[in-house]
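This report concerns only the one structure given below.
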Amino acid sequence: MPTTQQVDEIVDRVKKRLEEAQRERIYLEVTGAKLDDEWLYITVAPSQTGVSAAEAAAFMSKVERELRAAGDDNVLLIPAIGD
């Protein structure tokens with residue numbers, strides 16, 4: 001479970017992974033984060049038009065698995081609609 005001190009570090013790692021996804025033409029960005037009841041919720045939205053919902057969901061799931069493998073449990077990436 002993430003602590004308040006770990007939130008910025010975890011969010012920064014997620015942002016970095018989303019930037020790397022642009023090489024695969026998956027354009028996503030972090031739009032918010034909230035630590036609530038021992039869970040860190042990170043809101044992710046498309047940063048460009050034309051992002052496939054299925055590809056975005058698959059990539060977000062991959063990032064969650066990577067976080068768990070690194071010991072960062074209780075982190076959820078929440079899909080959101082872009083502006």
Side-chain angles (χ1 to χ4, degrees):
M1 95 188 98
T3 64
T4 304
Q5 294 83 3
Q6 294 172 309
V7 169
D8 289 337
E9 176 188 327
I10 293 170
V11 170
D12 287 343
R13 285 193 312 192
V14 170
K15 286 179 180 179
K16 182 178 179 193
R17 284 297 285 130
L18 296 181
E19 288 173 8
E20 292 169 0
Q22 292 180 11
R23 290 185 220 138
E24 300 172 36
R25 300 190 191 281
I26 301 171
Y27 300 100
L28 301 170
E29 66 184 347
V30 171
T31 58
K34 181 179 181 181
L35 184 61
D36 185 33
D37 199 27
E38 300 182 359
W39 281 85
L40 175 58
Y41 301 96
I42 301 175
T43 309
V44 177
S47 59
Q48 293 185 9
T49 59
V51 175
S52 161
E55 288 178 330
F59 191 80
M60 289 168 53
S61 178
K62 179 180 179 179
V63 173
E64 286 179 348
R65 287 191 306 274
E66 291 171 358
L67 290 169
R68 280 194 298 276
D72 293 315
D73 298 325
N74 294 9
V75 178
L76 289 176
L77 302 185
I78 309 298
I81 298 173
D83 291 331

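Just so we're clear, the structure is a prediction, and the values are computed from it rather than from any experiment.
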message: Rounded at 0.5 Å granularity, tell me how far OG in S52 sits from CZ in R25.
response: 14.0 Å

- request: First locate atom CD of E20, then atom CD1 of I26, and finally report the distance between them rounded to the nearest 0.5 Å.
  value: 12.0 Å

field: V51 to A56 - nearest heavy-atom pair and separation
entry: CG1-CB, 4.0 Å

- request: Is it possible for you to say whether V14 and L35 belong to one hydrophobic cluster, with membership spreading through side-chain heavy-atom contacts below 4.5 Å?
  value: yes

message: Could you measure the distance from the CG atom of D73 to the CH2 atom of W39? Nearest 0.5 Å is fine.
response: 8.0 Å

statement: All heavy atoms of S47 vs all of E29, minimum pair found to be CB-CD, 3.8 Å

- prompt: Do you reckon I10 sits in the same ILVMFWY cluster as V7, going by side-chain contacts under 4.5 Å, direct or chained?
  reply: yes

query: K15 and side-chain contact (heavy atoms from CB on, under 4.5 Å): which partner among V30, L28, V44?
result: V30

- prompt: Got V63 and V75 here, is their nearest side-chain heavy-atom distance under 4.5 Å?
  reply: no

query: Could you state the interatomic distance from CD1 (I78) to CG (L40), rounded to the nearest 0.5 Å?
result: 9.5 Å

For the student: nearest non-hydrogen atoms of A80 and P46, plus distance: O-CD, 3.3 Å

- line: Rounded to the nearest 0.5 angstrom, the CG-CG distance for L76 and D36 is 11.5 Å

L67 CG to I42 CD1 distance, which is reported to the nearest 0.5 Å: 6.5 Å

- line: Here the salt bridge (Lys or Arg N to Asp or Glu O under 4.0 Å) pairs for residues 51-69, sequence neighbours left out, are R17-E66

